[in-house]
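In this text the structure is predicted, and so the values were computed from the model without any measurement. We count ligands from 1, going down the list as the structure has it; atoms in each ligand are counted the same way.
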Amino acid sequence: NNILEVRSINKSYGNFSAVNGISFQIPRGEIFTLLGHNGAGKSTLIKMILGLVSPDAGELVIDGCTYEQNLLKIKRKVGYLPERMNFYDNLTAWETLQFYAQIKGLGKERCEEVLEEVGLKEAMHKRVGTYSKGMQQRLGLAQAIIHRPQLLILDEPTTGLDPSGVWWLKKMIRDWNRSGTTVLFSSHNLDDVEELAHRVAILCRGQMVAAGTIRQLQDQY
Ligand code: ADP
Ligand code: ADP
């Protein structure tokens, strides 16, 4: 019962192979991490899983569907926090989320609910331009979970956060996972992964060099 199957995916930019023959599956309910240095191919892989970049070869199956079969169904099932968010500085968090909720066909109540969930209710009428990196990320997370996705994908979510922000984020990931959300996140930091991920795939120069539980990887190296 896999929410995601990645089958022999390739992506090149010119002669440069950014993602080379990667395959893995994520069963429902798991926290799965893509671990690798900058440039390893994590973002490219994530963008392919999201349907934002098309693979040169291979197949992606999300909840039994390919993008060719049912793009809209997949969009409803997946939530995404990009590595860098582009908000309009002049809008408040409330306005930002309202706008996004409308596109998704969701109401004001749900906006309020998620802003509370990510701890932005007090600050929701302040302009996003005045927000810290941590607060902007909370808004990004609110946007990523507003439609209650089954699969939540986070690109380098701990990068640029202070320790308390990292701690908070890990707690949220754990909570969302306990309530049934499958989580896929990328990181270049082993510390992010150790207590959190059920399984890890290590990427290096576009290739998956190892995959398994932290325990299995420790025994292997
Ligand atoms: P990571 O997320 O692990 O840092 P990326 O997937 O962002 O890795 O990048 C993998 C490699 O592919 C990098 O060398 C990057 O410069 C290159 N790359 C990514 N996107 C493009 C693009 N649109 N055009 C050319 N090269 C790209
Ligand atoms: P990341 O922080 O994930 O490594 P980058 O900073 O490398 O991402 O890339 C930012 C954006 O620029 C991405 O959309 C990526 O696809 C694109 N990009 C990355 N490297 C190149 C490149 N060498 N040529 C063109 N576009 C690139």
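Within the listing of ligand 1, atoms 3 (O) sit less than 4.0 angstrom from a heavy atom of H37. Close contacts between ligand 1 and N38 involve ligand atoms 4 (O) [criterion: under 4.0 Å to a heavy atom].
Taking distance alone, with nitrogen or oxygen atoms compared against 3.5 Å, G39 approaches ligand 1 more closely than that limit. For ligand 1, the polar-atom distance check finds an N/O of A40 within less than 3.5 Å of one of the ligand's N/O atoms. Here's the thing with A18: none of its N/O atoms is less than 3.5 angstrom from an N/O atom of ligand 1.
Neither the backbone nor the side chain of E156 comes within 4.0 Å of ligand 1, counting heavy atoms alone.
With hydrogens and angles disregarded, a donor-acceptor distance shorter than 3.5 Å links the side chain of R110 to the backbone of I146. A donor-acceptor pair under 3.5 Å is formed between the side chain of Y67 and the backbone N or O of I49. Side chain of D63 to main chain of K77: no donor-acceptor pair is present (N/O by atom type, distance under 3.5 Å, no hydrogens or angles). One N or O on the side chain of H198 and one on the backbone of I31 form a donor-acceptor pair closer than 3.5 Å.
Considering each of T44, L45, L34, I46, the one bringing a non-hydrogen atom nearest atom 9 (O) of ligand 1 is T44. Distances from atom 7 (O) of ligand 1 to the heavy atoms of G206, S43, G36 put S43 nearest.
Under the 3.5 Å distance criterion, with hydrogens and angles disregarded, no donor-acceptor pair is assigned to the side chains of D219 and Q216.
In this pair, F32 and F24 present their aromatic rings parallel. The plane angle is below 30°, not in the 30 to 60° band.
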